[in-house]
Amino acid sequence: MPELPEVETVCRGLEKALAGQKIAEVRLNRKGLRIPFPAGLKRLGGAKILSVGRRAKYILMPLDTGQTVILHLGMSGRMVITPEGAHYAPEKHDHMLLRMKNGTQVTFNDPRRFGLVDITPTNDVEKHRLFSHLGPEPLEKAFDADFLAEKLKGRKTDIKIAIMDQKIVVGVGNIYASEALFRAGIDPRRKAGALKRPEVEKLVAAIRAVLKAAIKAGGSSLRDYVQTDGELGYFQHRWAVYGKEGKPCKGCTCDAAKTGGIHRIVQGARATFFCPVKQK
DNA sequence: CTCCTGTCCTGCCGGC
DNA sequence: TGCCGGCAGGACAGGA
């Protein structure tokens with residue numbers, strides 16, 4: 001499922017394909033995804049896409065009309081580029097087609113339909129209801145130990161739940177939450193407000209490190225961020241703990257035969273993976 | 001406020 | 001083999 005690094009990689013691919021291009025036509029195959037498609041979507045013909053950027057897990061495409069198109073990939077969303085002259089083979093769950101005047105097509109495919117598309121005035125993007133409450137970007141300066149310590153103060157919720165809270169910090173999904181806590185050596189069941197200052201510092205560094213490494217892996221494993229089939233942004237990861245229940249964890253002194261290796265628990269109806277030896 | 005649960009949706013997998 | 005229940009999960013809405 002796309003988390004921040006995947007969304008970042010998709011953005012870079014879309015930027016290459018779409019920045020500076022004019023939209024010829026927007027084709028919609030249904031009424032909407034998680035929310036209805038905005039009325040203005042089909043009237044974007046002639047608009048020029050200025051750039052493609054990202055805020056949290058949202059893809060932002062500012063246009064020369066003063067509007068910005070907002071895209072979210074949800075759980076199962078994919079973007080597929082069909083270059084000019086290439087044959088477009090329609091697939092099940094192709095919900096939105098962006099056809100450019102230069103012949104390039106971008107297809108938004110999303111089986112589970114947890115994704116969304118919206119349009120908002122570019123000047124007010126941060127005021128949009130989806131953005132107004134969001135915490136800082138994990139890779140920017142505003143997200144530091146002082147900030148996180150302040151946000152965690154007094155919180156009784158589990159630390160894993162807290163770092164997935166978009167009001168605290170954006171972009172950390174279920175996979176990277178487990179990965180970051182493993183790297184920081186912190187038990188995911190610890191109460192957020194009970195973390196000591198050095199642990200908060202380790203956690204900030206770990207969140208940054210796992211996200212950066214994944215972005216790097218995404219960028220380097222794809223040619224121009226586009227796979228040969230045109231799909232953007234998905235790449236092979238090597239998780240340390242995610243999905244590895246019972247397996248020994250890398251770089252840890254635990255004896256998997258004795259400790260059961262990596263444990264799987266459920267927090268907030270989401271799977272969490274951790275090593276009870278390394279993570280305290 | 002903070003915390004917790006329900007909701008959306010389809011593909012996939014295990015059990016019978 | 002086929003059916004079916006259960007699970008997976010981002011993130012909001014709304015209730016306690």
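Below, chain A is the first sequence line, B the second, and so on; all start at residue 1.
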For this session: Indicate the ring-plane relationship of A/Y242 and A/F273, choosing parallel, tilted or perpendicular according to the 30° and 60° boundaries.
Result: perpendicular
Problem set entry | Nearest-Å distance for atom pair NZ/P, residues A/K167 and B/dT2 | 8 Å
Exercise. With a non-hydrogen cut-off below 4.0 angstrom, is A/R113 in contact with a base, only sugar-phosphate, or nothing?
Worked result: sugar-phosphate
Seminar exercise, completed: Heavy-atom closest pair (A/I207 atom, A/A180 atom, distance to 0.1 Å) is CG1-CB, 3.7 Å
Exercise. If you find the nucleotide of DNA chain B closest to A/D158 and the one closest to A/R112, which residue's nucleotide is nearer the 5' end?
Worked result: A/D158
Problem set entry | Phosphate OP1/OP2 of C/dG10 contacted by A/Y176 side-chain N/O (<4.0 Å) | no
Exercise. Are the side chain of A/R264 and the backbone of A/T272 linked by a donor-acceptor contact shorter than 3.5 Å?
Worked result: no
Exercise. With a non-hydrogen cut-off below 4.0 angstrom, is A/F131 in contact with a base, only sugar-phosphate, or nothing?
Worked result: nothing
For this session: Output yes when at least one side-chain N/O atom of A/K57 is less than 4.0 Å from OP1 or OP2 of C/dA11, else no.
Result: yes
Exercise. Once you round it to whole Å, what is the distance between P of C/dA8 and CD1 of A/I265?
Worked result: 13 Å
Exercise. The side chain of A/T157 lies closest to which of these nucleotides: B/dT10, B/dC4, C/dG10?
Worked result: B/dC4
For this session: Let me know the distance between CD1 of A/I168 and C1' of C/dA11, rounded to the nearest Å.
Result: 14 Å
Every protein N/O lying under 3.5 Å from an N/O of nucleotides 13-16 of chain C:
residue	atom	partner	partner atom	Å
C/dA13	OP1	A/R129	NH1	3.3

Exercise. Under 4.0 Å: is that the gap between some side-chain N or O of A/H133 and OP1 or OP2 of C/dC12?
Worked result: yes
Problem set entry | Distance in angstrom units between A/L33 CG and C/dG9 C1', rounded | 16 Å
For this session: Could you say whether the aromatic ring of A/F114 and the base of C/dA11 stack, counting only centre distances under 5.5 Å and plane angles under 30°?
Result: no
For this session: Tell me what A/A269 touches on the nucleic acid: a base, only sugar-phosphate, or nothing, going by heavy atoms under 4.0 Å.
Result: nothing
Exercise. Judged by atom type as modelled, is there a donor-acceptor pair below 3.5 Å linking the side chain of A/Q166 to the main-chain atoms of A/M164?
Worked result: yes
Exercise. How about A/F108 and A/H95: are their ring centres within less than 6.0 Å of each other?
Worked result: no
Problem set entry | Under-4.0 Å salt bridge between A/E6 and A/K57 | no
Problem set entry | Pair A/R197 + A/E199: basic N to acidic O under 4.0 Å | no
Seminar exercise, completed: Counting only Watson-Crick and G-U wobble pairs with both atom distances below 3.5 Å, the stems of 3 or more consecutive pairs that include DNA chain C are B:2-16 with C:2-16
Problem set entry | Among B/dC3, C/dG9, C/dC12, the one nearest A/R155 by side-chain distance | B/dC3
Problem set entry | Within one Ile-Leu-Val-Met-Phe-Trp-Tyr cluster: A/V170 and A/M75, side-chain cutoff 4.5 Å | no
Seminar exercise, completed: Walking DNA chain B from its 5' end, the first of A/R270 and A/I161 to be reached, judged by nearest nucleotide, is A/I161
Seminar exercise, completed: When rounded to whole Å, the CD to P distance for the pair A/Q166 and C/dG10 reads 9 Å
Exercise. Is the shortest side-chain N/O distance from A/H93 to OP1 or OP2 of B/dG11 below 4.0 Å?
Worked result: yes
Problem set entry | Lys NZ or Arg CZ of A/K278 over A/F182 ring: under 6.0 Å, within 45° | yes
